[in-house]
Amino acid sequence: MKIASWNVNSLNVRLPHLEQWLATSSPDIVALQETKLEDEKFPDDPLLAMGYRSVFAGQKSYNGVAVLSRERATDVQIGVPGLEDEQKRVLAATVGDLRIVNLYVVNGQSVGSDKYAYKLRWLEAVHDWLAQELVTHPRMIVLGDFNIAPDDRDVHDPAVWNDGHILTSRAERDALERLYALGLHDSYRALNPDATQFSWWDYRMGGFRRNLGLRIDLTLVSEALRPHAVASDIDREPRTWDRPSDHAPAWVELG
DNA sequence: ATGGTTGAAAGTCAA
């Protein structure tokens with residue numbers, strides 16, 4: 001059972017890449033972020049032709065999340081209950097005996113900005129919600145674009161990506177560690193303790209060519225699933241394709 | 001990293 005996350009940065013542009021990647025990687029469940037598509041424009045027909053059903057929550061131009069699955073998804077939840085947020089960043093669904101929580105975490109722009117404050121508030125709301133959700137759904141995978149690099153192993157240059165920097169600031173990492181404290185474990189790091197591999201490279205300044213990346217796309221597994229997580233990796237190949245997303249797919253395999 | 005690139009959209013905003 002392979003479960004993946006990919007920020008596609010416009011599903012309209014990236015559908016051919018997604019199709020190619022689905023054909024070769026054959027995941028069972030895929031969480032997509034930044035689809036940037038209104039729901040009526042979601043390409044559910046071509047995906048269904050490849051054997052994937054879709055549930056989605058999108059908007060024009062920005063944000064947008066979806067879950068693709070070979071098995072039908074049920075109990076779809078859009079957004080965090082009780083959190084006022086017109087931005088489509090959260091989609092949860094049950095697939096088989098797994099609860100899938102797809103997150104497109106707020107970027108935050110820069111430390112101290114209004115968007116940074118929004119990011120931290122948003123993460124706190126997600127934390128409180130997931131604490132409740134885990135009671136009823138112990139077999140949970142929380143995955144997506146977290147827009148947080150967990151520690152120095154996850155950045156190309158810790159001197160640059162430090163406490164003063166967005167995506168690596170202490171408060172952001174504290175928020176991520178509060179999710180860990182719920183029993184949500186970073187499967188990639190648990191299975192690859194010494195590896196440095198990135199999931200995002202800035203389009204600018206030849207970021208990918210020079211491997212100036214961060215690992216910000218995460219697949220967290222709940223305590224009940226941790227013993228079943230047998231492999232986790234990042235597939236950087238789609239980042240080499242023509243007109244790529246700036247993110248690569250990250251995945252976890254449950255045995 | 002005080003620049004630069006991409007996407008959506010039609011001048012900028014978000015990342």
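Throughout, protein chains are lettered first and strands after them, A, B, ... in sequence-line order, and every chain is numbered starting at 1.
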For A/N7 and B/dA15, give me the distance from atom CG to atom P, rounded to whole Å. 11 Å
Integer-rounded Å distance: B/dA15 C1' and A/D217 CG: 13 Å
Residue set satisfying salt bridge (Lys or Arg N to Asp or Glu O under 4.0 Å) with A/D202, at least two apart, ordered chain then number -> A/R204
Expressed in angstrom and rounded to an integer, what is the separation of A/N162 atom CG from B/dA1 atom C1'? 12 Å
Sequence-distant partners of A/R236, salt bridge (Lys or Arg N to Asp or Glu O under 4.0 Å), two or more places apart: none
Would you list the protein and nucleotides 2-4 of chain B atom pairs, both N or O, that sit under 3.5 Å from each other?
residue: B/dG4; atom: N1; partner: A/R204; partner atom: NH1; Å: 3.2

Scan the side chains in residues 70-84 of chain A for donor-acceptor partners under 3.5 Å anywhere in the protein, sequence neighbours excluded, and list what turns up.
residue: A/R70; atom: NH2; partner: A/S26; partner atom: OG; Å: 3.0
residue: A/R70; atom: NH2; partner: A/Y52; partner atom: OH; Å: 3.0
residue: A/Q77; atom: NE2; partner: A/G79; partner atom: O; Å: 3.0

So which atom in A/D235 and which in A/A248 form the shortest heavy-atom distance, rounded to 0.1 Å? O-CB, 3.4 Å
Earlier contact from the 5' end, DNA chain B, for A/T35 and A/Q87: A/T35
When all nucleic acid strands are considered with a 4.0 Å heavy-atom cut-off, which category describes A/R210: base, sugar-phosphate, or nothing? base
Between B/dC13 and B/dA1, how far apart are the P atoms? Round to whole Å, please. 26 Å
For A/D186, the salt bridge (Lys or Arg N to Asp or Glu O under 4.0 Å) test, sequence neighbours excluded, returns A/R215
By nearest-nucleotide position on DNA chain B, the 5'-leaning member of A/V106 and A/G206 is A/G206
Counting just side-chain N and O atoms, does A/K60 come under 4.0 Å of either OP1 or OP2 of B/dA8? no
Select base, sugar-phosphate, or nothing to describe what A/Y104 touches, counting heavy atoms under 4.0 Å on all strands. sugar-phosphate
Spacing of the C1' atoms in B/dG7 and B/dG11 (rounded, Å): 14 Å
Looking at every strand, decide which applies to A/R89 at a 4.0 Å heavy-atom threshold: base, sugar-phosphate, or nothing. sugar-phosphate
Interatomic distance, A/L167 CG vs B/dA1 P [rounded to whole Å]: 15 Å
Nearest heavy-atom contact between A/A57 and A/L91 is N-CD1, 3.7 Å
According to salt bridge (Lys or Arg N to Asp or Glu O under 4.0 Å), who are the partners of A/E223, at least two apart in sequence or on a separate chain? A/R226
So which of residues 241-249 of chain A are in contact with DNA chain B, with a heavy-atom cut-off of under 4.0 Å? A/R243
Within residues 126-139 of chain A or reaching into it, pairs that qualify as side chain to side chain donor-acceptor pair (under 3.5 Å) - sequence neighbours excluded: A/D97-A/R139
Atom CG of A/N9 and atom C1' of B/dT6 are separated, to the nearest Å, by 7 Å
What are the two closest non-hydrogen atoms of A/L68 and A/S54, and how far apart are they? CD2-OG, 3.3 Å
Taking CD from A/Q59 and C1' from B/dC13, how many angstroms apart are they, rounded to a whole number? 13 Å
To the nearest angstrom, the OH-P distance between A/Y116 and B/dA14 comes to 19 Å
A/E34, nearest nucleotide to its side chain (from B/dA15, B/dA8, B/dA1): B/dA15
Give every residue pair that meets the ring-ring contact (aromatic ring centres under 6.0 Å, His included) criterion with at least one member in residues 213-241 of chain A, sequence neighbours excluded. A/H17-A/W241
Rounded to the nearest Å, what distance is computed from the CG atom of residue A/L11 to the P atom of nucleotide B/dT6? 19 Å
If you measure from the P atom in B/dT2 to the same atom in B/dT12, how many Å do you get, rounded? 24 Å
What nucleotide among B/dA1, B/dA9, B/dA14 has an atom nearest to a side-chain atom of A/Y62? B/dA14
Taking atom P in both B/dT5 and B/dA9, compute the distance separating them and give it to the nearest angstrom. 22 Å
Among B/dA8, B/dT6, B/dA1, which nucleotide has an atom closest to any side-chain atom of A/S61? B/dA8
Of all heavy-atom pairs linking A/L218 and A/I148, the shortest is CD1-O, 4.4 Å
